[in-house]
Peer 1: 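Before I ask anything, let me first share the structure, which is written out below as structure tokens.
Residue numbers start from 1 in every chain, and the chains themselves are labelled A, B, ... in the order their sequence lines are given, proteins ahead of strands.
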Number of protein chains: 2
Amino acid sequence: MKKQTLLTIANSTGLSVSTVSRVLSGKGEKYRISKATIEKVKIEALKSHYVPDLVAKGLRTKRTDIIGLVVPDIGNPFFASLSSIIIGDLKKLGYNVLLADSMESASEEAIALNMFVSRKVDGIIAVPVSKSPDLLENISKTVPVVLADRYFPDAGLPYFCTDNYAGSLMATNYLLEKGYKRILAVRGLNSVMPDKERVRGFLSACKSCNGKCVDYEIEGNMFSVRNGYDVTGKALSSAERPDAIFAFSSNILLGALMAVKEHGISVPDEIGLISFDNNGFFDYLNPAVTRIEQPLKEIGSGAVNLLNDMIRNGNKARDTVKKLIQPALVVRSSC
Amino acid sequence: MKKQTLLTIANSTGLSVSTVSRVLSGKGEKYRISKATIEKVKIEALKSHYVPDLVAKGLRTKRTDIIGLVVPDIGNPFFASLSSIIIGDLKKLGYNVLLADSMESASEEAIALNMFVSRKVDGIIAVPVSKSPDLLENISKTVPVVLADRYFPDAGLPYFCTDNYAGSLMATNYLLEKGYKRILAVRGLNSVMPDKERVRGFLSACKSCNGKCVDYEIEGNMFSVRNGYDVTGKALSSAERPDAIFAFSSNILLGALMAVKEHGISVPDEIGLISFDNNGFFDYLNPAVTRIEQPLKEIGSGAVNLLNDMIRNGNKARDTVKKLIQPALVVRSSC
DNA sequence: TATGGTTGCGCAATCGTTTGCATAAACAAT
DNA sequence: ATTGTTTATGCAAACGATTGCGCAACCATA
């Protein structure tokens with residue numbers, strides 16, 4: 001059971017490496033290799049358990065059929081679900097995936113991106129954590145790059161993302177219509193677009209509500225349970241406590257919920273809760289959580305298909321694709 | 001900004017490719033390259049933005065520093081968390097990760113494993129879904145393989161896994177001590193060891209309980225919310241309904257909880273619930289869920305470290321490492 | 001018997017590294 | 001002046017695949 005290569009097959013069939021290569025890569029007809037020869041080669045390949053060396057192939061062809069995917073935290077259900085969709089779609093198109101976890105660190109992300117380049121991936125899908133698009137833009141001159149979930153509005157990098165402004169508007173207006181008057185928004189990582197857009201939507205709704213909103217406030221700095229817990233806890237201890245909380249992520253919501261429970265405040269009567277993003281378990285909470293659900297499937301598949309286009313047809317899109325996809329309000333009973 | 005290779009650097013410095021290679025791969029001293037030359041090469045590499053071609057390097061050295069990781073469902077929080085640990089630990093050791101999602105399909109898994117071999121990964125970590133160890137054992141003759149979470153007890157494949165028998169025993173005994181007498185165990189995928197071992201633990205506890213247990217039953221066939229919901233629903237509608245449910249996974253528990261709620265039965269008074277495996281949100285449920293927590297960190301890190309050993313020191317372990325790690329009972333208020 | 005077209009395949013370069021084996025220059029020792 | 005040693009570097013093969021070009025053999029046509 002020695003290692004099998006094109007050469008070993010060539011030897012045992014009495015043919016040349018070229019011919020074997022052409023047969024095994026399906027180009028037999030194209031090169032007018034005879035039926036008999038094709039058969040002979042295929043049989044021998046099977047018998048000898050030949051496995052093509054994709055590393056060698058990659059070196060020669062300059063295509064690896066590998067896509068680099070970098071996300072801020074693969075343990076986070078949101079990114080796990082998104083990755084699941086992306087990986088599945090890529091597989092259907094014949095790509096494999098190098099996965100890197102930037103752990104919300106720009107320097108780790110940079111390492112991962114450079115690794116992708118060094119490994120000659122055919123394309124990159126990134127949920128960027130860096131504050132600057134510079135590295136990604138630079139890389140995108142060489143290899144196709146598509147962003148998902150997070151993005152840089154003014155950079156030349158295509159992206160697929162939830163319309164966070166619209167979603168935030170929707171959530172806030174829903175709270176106001178329900179009669180809540182003092183709303184606390186607990187925001188996440190201040191530097192990323194989704195967070196900024198959610199702030200914009202929230203403010204816009206609060207400011208143009210014809211007096212429905214008596215007071216509003218924005219606090220917080222991370223998409224974490226801890227942040228939700230801390231900010232909410234402080235607010236609940238203050239003189240004029242909010243009567244509704246808009247959590248900018250599902251983790252934030254869980255933290256907020258924890259604080260609310262500890263203060264013995266009842267949901268949704270004494271305080272309303274709404275979340276941006278679902279987490280798969282909100283329906284099992286008591287009360288089930290009303291939320292804005294993100295179009296994960298559209299984001300993931302959109303990014304994959306665009307990337308594939310860019311790889312196949314060259315980067316020749318007239319304009320950079322920048323897609324904001326509408327999220328949906330899913331009403332439950334937390335407000 | 002042309003593509004830079006060792007050759008381009010060799011030309012612009014007036015040195016040979018060999019020398020440049022040796023300097024840039026840190027073997028300068030070893031080959032007694034002069035300080036001056038080393039500096040010159042490094043400067044030029046920086047100036048020209050040289051990036052090593054890891055594909056070419058891989059072909060030449062037969063090492064890729066890539067590990068293949070295949071899991072049944074990366075969207076599942078359990079596998080996402082495990083993957084997060086594994087990927088993080090691998091990165092510290094200088095490995096990158098090709099991730100494949102077998103979607104609980106043995107044929108998809110086989111495709112992924114063969115892809116790993118073809119791509120010349122240095123090692124493989126698998127959470128296998130196949131019922132037979134044949135393919136994995138065969139592959140492990142060529143490239144180091146370590147299993148995590150799921151395993152084949154009699155195969156020559158090393159694994160790191162929760163002691164599911166002990167955990168199941170613990171959970172069941174806890175229910176019995178709490179006074180529950182009619183226990184329904186909702187099991188998952190019948191063909192995998194963790195499930196079988198949990199069954200064994202459950203039966204063992206029920207049978208040797210000195211009459212504490214009046215009735216017990218086992219049903220189910222998937223680690224899914226749906227399965228938990230269906231099995232529980234049916235049981236609750238039966239004449240002698242169970243007074244406690246032992247869910248063999250967190251997803252199953254959620255399904256069971258849903259059914260329990262729909263039947264208007266109160267937890268933990270009318271029915272007790274316990275789960276094998278945590279999901280990160282059990283503490284936010286009402287009541288919070290008592291569960292057996294799996295030692296994810298030990299499993300992930302253990303697998304990574306063993307694999308690294310096998311790669312570095314050759315497969316020369318005297319005996320195949322087979323580690324069952326003790327889980328922990330985390331008491332909350334669902335039973 | 002040239003001429004031309006078709007059929008079926010092989011030669012050899014190439015992708016970018018790494019590395020065993022020289023080797024040239026400089027110096028030291030005899 | 002010869003020999004030996006050390007220093008600093010280069011030559012060229014190798015990894016395993018792909019592919020442009022060439023060519024021999026065969027057949028048909030004129």
Side-chain angles (χ1 to χ4, degrees), chain A residues 2-42 44-45 48-66 115 117-122 142, chain B residues 2-42 44-45 48-66 115 117-122 142:
Chain A
K2 304 261 337 201
K3 183 179 21 166
Q4 296 294 327
T5 69
L6 290 186
L7 183 60
T8 64
I9 297 187
N11 288 337
S12 44
T13 53
L15 292 160
S16 75
V17 172
S18 330
T19 301
V20 176
S21 167
R22 296 197 251 249
V23 170
L24 294 181
S25 54
K27 305 202 181 89
E29 343 254 283
K30 179 178 159 196
Y31 281 91
R32 300 173 313 196
I33 312 286
S34 72
K35 282 278 175 207
T37 302
I38 290 184
E39 268 316 287
K40 189 159 56 162
V41 170
K42 285 187 174 172
E44 179 61 26
S48 63
H49 299 107
Y50 169 76
V51 174
D53 184 324
L54 263 28
V55 174
K57 176 172 178 167
L59 174 60
R60 174 60 224 240
T61 60
K62 308 275 116 197
R63 290 198 74 228
T64 53
D65 294 317
I66 292 180
M115 179 270 284
V117 172
S118 216
R119 292 209 182 275
K120 306 288 166 183
V121 298
D122 289 351
T142 310
Chain B
K2 305 262 338 206
K3 184 180 19 166
Q4 296 294 327
T5 69
L6 290 185
L7 183 60
T8 64
I9 297 187
N11 288 338
S12 44
T13 54
L15 293 160
S16 75
V17 172
S18 333
T19 301
V20 176
S21 167
R22 295 196 251 247
V23 170
L24 294 182
S25 54
K27 304 200 181 94
E29 343 254 283
K30 179 179 159 196
Y31 282 90
R32 298 174 311 195
I33 313 283
S34 71
K35 280 280 175 205
T37 302
I38 290 185
E39 268 315 287
K40 189 159 53 163
V41 170
K42 286 188 173 170
E44 180 61 26
S48 62
H49 299 107
Y50 168 76
V51 175
D53 185 325
L54 262 30
V55 175
K57 174 171 179 168
L59 174 59
R60 174 60 225 241
T61 60
K62 308 275 114 195
R63 290 198 77 228
T64 53
D65 294 318
I66 292 179
M115 180 271 283
V117 172
S118 215
R119 292 208 182 274
K120 306 288 168 182
V121 298
D122 289 351
T142 309

Peer 1: Would you please name every residue forming a side-chain contact (heavy atoms from CB on, under 4.5 Å) with A/Ser21, sequence neighbours left out?
Peer 2: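 By the side-chain contact (heavy atoms from CB on, under 4.5 Å) rule, A/Ser21 matches A/Leu6, A/Ser25.
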Peer 1: Could you tell me which residues satisfy side chain to side chain donor-acceptor pair (under 3.5 Å) with A/Ser12, sequence neighbours excluded, listed by chain and number?
Peer 2: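 Per chain and number, A/Ser12 pairs via side chain to side chain donor-acceptor pair (under 3.5 Å) with A/Glu44.
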Peer 1: Using whole Å, report how far CZ of A/Arg119 lies from P of C/dT17.
Peer 2: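 It is 14 Å, rounded to the nearest whole Å.
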Peer 1: Within this structure, what is the NZ-to-P distance between A/Lys57 and D/dA17, rounded to whole angstrom?
Peer 2: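 So the NZ-P distance, A/Lys57 to D/dA17, works out to 10 Å.
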Peer 1: May I have the distance from B/Lys40 (atom NZ) to D/dA8 (atom P), rounded to whole angstrom?
Peer 2: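 In whole Å, D/dA8 P lies 14 Å from B/Lys40 NZ.
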Peer 1: For A/Ile38, check side-chain contact (heavy atoms from CB on, under 4.5 Å) against everything at least two apart and list the hits.
Peer 2: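 A/Ile38 satisfies side-chain contact (heavy atoms from CB on, under 4.5 Å) with A/Val23, A/Glu29, A/Ile33, A/Lys42 only.
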Peer 1: Please state how far atom NZ in A/Lys62 lies from atom P in C/dT14, giving the value in whole angstrom units.
Peer 2: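 In whole Å, C/dT14 P and A/Lys62 NZ are 14 Å from each other.
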Peer 1: Residues of residues 19-27 of chain B with any non-hydrogen atom less than 4.0 angstrom from an atom of DNA chain C: list those, numerically ordered, please.
Peer 2: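 Of all residues in residues 19-27 of chain B, the ones placing a heavy atom under 4.0 Å from DNA chain C are B/Ser21, B/Arg22, B/Lys27.
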Peer 1: Could you give the NZ-to-P distance, from A/Lys30 to C/dT7, as a whole number of Å?
Peer 2: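 Answer to the nearest Å: 17 Å.
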Peer 1: Could you tell me which non-hydrogen atom of A/Leu15 sits nearest to which non-hydrogen atom of A/Lys40, and how far apart they are?
Peer 2: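 Closest approach of A/Leu15 to A/Lys40: CD1-CE, 4.2 Å.
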Peer 1: Output the residues of residues 8-18 of chain A in contact with DNA chain D, where contact means a heavy atom of the residue under 4.0 Å from an atom of the strand; sort by number or write none.
Peer 2: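 A/Val17, A/Ser18 - these, ordered by number, are the residues of the stretch whose heavy atoms sit under 4.0 Å from the strand.
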Peer 1: So do the side chains of A/Arg63 and A/Asp65 get within less than 4.5 Å of each other, counting heavy atoms only?
Peer 2: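 The answer is yes, as the side chains (C-beta and beyond) meet within the 4.5 Å cut-off.
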Peer 1: With a cut-off of less than 4.0 Å, is there a side-chain N or O of A/Thr61 near OP1 or OP2 of C/dC15?
Peer 2: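 Checking A/Thr61 against C/dC15: no side-chain N or O falls below 4.0 Å of OP1 or OP2.
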Peer 1: Looking only at atom types and distance, does a side-chain atom of A/Ser118 sit under 3.5 Å from a main-chain N or O of B/Pro52, one as donor and one as acceptor?
Peer 2: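 Between the backbone of B/Pro52 and the side chain of A/Ser118 there is a qualifying donor-acceptor contact (under 3.5 Å).
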Peer 1: Of the options C/dT17, D/dA17, C/dG8, whose atoms approach the side-chain atoms of A/Arg32 most closely?
Peer 2: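 Side chain of A/Arg32 sits closest to C/dG8.
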Peer 1: Return whichever of B/Ile33 or A/Leu59 has its heavy-atom-nearest nucleotide of DNA chain D closer to the 5' end.
Peer 2: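 Taking each residue's closest nucleotide, the earlier one in sequence belongs to B/Ile33.
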Peer 1: Roughly, in whole Å, what's the span from CG in B/Leu7 to C1' in D/dG10?
Peer 2: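 Value for this atom pair: 14 Å.
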Peer 1: Once you round it to whole Å, what is the distance between P of D/dT7 and CD1 of B/Ile38?
Peer 2: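 Atom-to-atom, B/Ile38 to D/dT7, this comes out as 14 Å.
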Peer 1: Identify the two heavy atoms, one from B/Ala10 and one from B/Ser16, that lie closest to each other, and give their separation to 0.1 Å.
Peer 2: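 Looking at all heavy atoms of both residues, the closest pair is CB-C, 3.8 Å.
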Peer 1: What integer distance in Å separates B/Tyr31:OH from C/dC21:P?
Peer 2: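 About 11 Å, once rounded to whole Å.
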Peer 1: Mind checking side chain to side chain donor-acceptor pair (under 3.5 Å) for A/Thr142 and listing every partner two or more places apart, or none if nothing turns up?
Peer 2: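 Listed in chain order: nothing, the list is empty.
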Peer 1: Using only side-chain N and O atoms of A/Lys3, determine if any of them is under 4.0 Å from OP1 or OP2 of D/dG16.
Peer 2: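 Yes, within the criterion.
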Peer 1: Mark yes or no for whether A/Thr64, through its side chain, and A/Lys120, through its backbone, hold a donor-acceptor pair below 3.5 Å.
Peer 2: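 Yes; judged by distance alone, with no hydrogens or angles, the pair exists.
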